[in-house]
Amino acid sequence: MDQKQDHLGCNKAVTKQEAAELEEHGKVNSAESKLELSVEEVVDRYVGSLGISQLLHVVLVSLAWVFDSQNTLITIFTDAQPAAWRCKTQFDHHNITNYSNSSLCMTSSKGQDAGLLCGLPAATWEWVGGNTTSTIAEWGLVCHRKFLAALPASLFFIGSIFGCALYGHLADAYLGRKKTLLLSCILTSATTFITSLSPNVWMYALLRFANGFSRSGIGICCLVLATEAVGRKWRGQVGQYGFFFFTAGFLSLPFIAHPTRSCWRNLYKIISLPPLMYTILLVPFVPESPRWLLVKGRNREALDVLERFARLNSKKLPDNLHLIIPSQSDQNGNQGESERESKKKESLWTVKWAAKRMITVIVAGFGVGFVYYGIQLNVENLNFNLYFTVVLNALMEIPAIFIGSLLLSITKRRLLFSLSAILAGVSCLLCIIFSSKAKASYQYHSRGSWAQLTIEAIGFMAASIAFDVMLIYCVELFPTNVRNFAVSVLRQALMLGASLAPLLVVVGRLSPSLSFLVFGAFSIISGILSLWLPETKNAPLYETLKQQEEEEKLRRLSNSNHLEV
């Protein structure tokens, strides 16, 4: 068989014997001497599952995850409650009272407890470090205004929900993956810079909504562009590699935020530059997905992309190669006009099995997004140094990616996601035991509970694995003509969960136990719900809903026959 494949790859024509064998399997039209293969088969046979060309492609595409991460998690620093306050030591020129000697301020002053500020006149105290250290300090988002502090972060994720819907449709139906990524990066850069100019909390919240809308196309297109270029053997691992760059963006934030800690606006200005540079310098070298080009009828362009991949891998495609979508071929190997129209009209929501599958993914994704982003935003309630805790959480994503990559290659997607989500939930519940102890320890010894921090780090690592696996799982659950849309809907569910997390973080400032309880419950429910999804390990990436439905039925029949035998 290997000799036959080598022979096909080196000669311009197909021999009579080989043509007869392939025609029997519906691959070659002997009348026209065409070698008809799907993109999946071309990648596996001639391009290589993961060669140097695809590896470079994955790296170029995945770099954009850095901007996605930075814009998503920047509010950990910009919207953080300042660490301490103090009584003013100077006279108010409009009032002869010396507030440094104010018995009310001096009696109430604990330096760390912002709750004590609510009974003090505004002119008697100030934040250590000044009012430009965060949005809370600048706009006084404490006491009766404390829930306004959660509004910008929540609106960011709500903006992501709307953005996912638009970008998913654009990437599948009109622009393709590459142009949608380009558009998202440009808008992300612009809205991030404009956010730094916000005059008040209301405009700031509106611009965070716009920023969330803008950046939501990055993650969708990065994941799909990377996984559609490799063979089935490497899809899971390639998806995980992309998350390294998300972690890199997360890890970079403390090192950018610390030098700019005196002015939160400077942090936004700095992170607005990388997306623009990426758009100008690197996006032109990113090829479009050959699978999407084929589905849109642009066969020549799809072949050009595959030829480029093969050439960089020191391989060559057969001269008589013709790309096909298996379920769209008639007996002569050609697509009928009625079938093309049917393909265009296919909708994820009108196909019963796909709609049920998508709803399950949405519910499970909501819980995972809620706990994944919630744990990250909740770090300020751990009573540890904020920069140290964020670095620790970011570092925990690195083993999560390695462990996830390893387990994806040897275990089933459904089992891995379910166990990871449940472990994250159990870890959050265990944090409840230490939350009161941590608060007491912090009050008397100025330090939090290391046991709580360790359990929280383990829970975050499990949540990170579940989050990454769910995105890869979704790519494999749906075909090319609705894949970007399906991933975008999942991202909407993740962002919906994330949009509620900041509100719970504010509640957690008053009751850490309650925030950990809710995070844990949602994560466990997500892990249980995923057991209703089908397994996709080593399954091919299908091109259309019709093809996937037919071939999954054949697989189920084949498996049942094997069991009977």
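What you see is a predicted model, and the numbers here were worked out from it, not measured in a lab. For this chain, numbers begin at 1 and follow the sequence in order.
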### Task
Might you work through the ring pair (Phe, Tyr, Trp, His ring centres under 6.0 Å) test for W127 and W139, ending with a clear yes or no?
CA-CA 12 Å; W127 294 109; W139 295 317; over 10 Å; no

### Query
P287 and K178: which non-hydrogen atoms are nearest, and at how many Å?
C-CD, 4.4 Å

### Task
Nearest 0.5 Å please: distance from the CG atom of N266 over to the CD1 atom of I271.
12.0 Å

### Query
Who passes salt bridge (charged side-chain N to carboxylate O under 4.0 Å, His left out) against R177, sequence neighbours left out?
D172, E228

### Task
Report the distance from atom OG1 of T192 to atom CG of L276, rounding to the nearest 0.5 Å.
11.0 Å

### Side chain to side chain, T279 and L182, heavy atoms closer than 4.5 Å
yes

### Message
Side chains of T191 and L207, heavy atoms from C-beta outward: is any pair under 4.5 Å?
### Response
no

#### Entry: Min side-chain heavy-atom separation V371-F460 under 4.5 Å
no

#### Entry: Point-to-point distance, once rounded to the nearest 0.5 Å, from OG1 of T133 to CZ of R261
11.0 Å

### Query
Does a donor on one side chain sit under 3.5 Å from an acceptor on the other, for T188 and N211?
no

### Query
Hey, what do you get for NE2 (H169) to OH (Y174), rounding to the nearest 0.5 Å?
4.0 Å

#### Entry: Heavy-atom neighbours of Y387 OH exceed 12 at 6.0 Å
yes

### Test item: side-chain donor near acceptor, Q70 and S252, under 3.5 Å
yes

### Task
State yes or no: are the ring centers of F67 and Y278 separated by less than 6.0 Å?
yes

### Summary
Residues H57 and A229: closest non-hydrogen pair is CD2-CB, 3.6 Å

Please table the atom pairs, donor to acceptor, closer than 3.5 Å between any side-chain atom in residues 213-226 and protein atoms at least two apart or in another chain.
residue : atom : partner : partner atom : Å
S214    : OG   : A210    : O            : 2.8
R215    : NE   : D68     : OD1          : 2.9
R215    : NH1  : S160    : OG           : 2.9
R215    : NH2  : D68     : OD1          : 2.6
R215    : NH2  : D68     : OD2          : 3.3
R215    : NH2  : T72     : OG1          : 3.1
S216    : OG   : C164    : N            : 3.3
S216    : OG   : F213    : O            : 2.8

### Query
Any side-chain heavy atom of P152 within less than 4.5 Å of one from T135?
no

### Y167 side chain near L181 side chain, heavy-atom distance below 4.5 Å
no

Show me, pair by pair, the donor-acceptor contacts under 3.5 angstrom made by side chains of residues 495-502, not counting sequence neighbours?
residue : atom : partner : partner atom : Å
S499    : OG   : L496    : O            : 2.6

### Message
If I take atom CZ from residue F485 and atom CG from residue L170, how far apart are they, to the nearest 0.5 angstrom?
### Response
12.0 Å

Name each donor-acceptor pair under 3.5 Å that joins a side chain in residues 463-475 to protein atoms two or more places apart or in another chain, with its distance.
residue : atom : partner : partner atom : Å
S464    : OG   : E397    : OE1          : 2.7
Y473    : OH   : P534    : O            : 2.3

### Query
Hey, does S154 have a side-chain heavy atom less than 4.5 Å from the side chain of L151?
no

### Query
Can you find a pair of side-chain heavy atoms, one from I362 and one from V489, that are under 4.5 Å apart?
yes

### Task
For R265, check salt bridge (charged side-chain N to carboxylate O under 4.0 Å, His left out) against everything at least two apart and list the hits.
E138

### Task
Would you please name every residue forming a ring-ring contact (aromatic ring centres under 6.0 Å, His included) with F402, sequence neighbours left out?
F244

### Query
Do W264 and F77 come close enough that some side-chain heavy atom pair is under 4.5 Å?
no

### Message
Between Y268 and F193, does the ring pair (Phe, Tyr, Trp, His ring centres under 6.0 Å) criterion hold? Intermediate values first, please.
### Response
CA-CA 6 Å; Y268 275 104; F193 181 80; over 10 Å; no

### Query
Roughly how far, to the nearest 0.5 Å, is the CG atom of L423 from the CD1 atom of I458?
8.0 Å

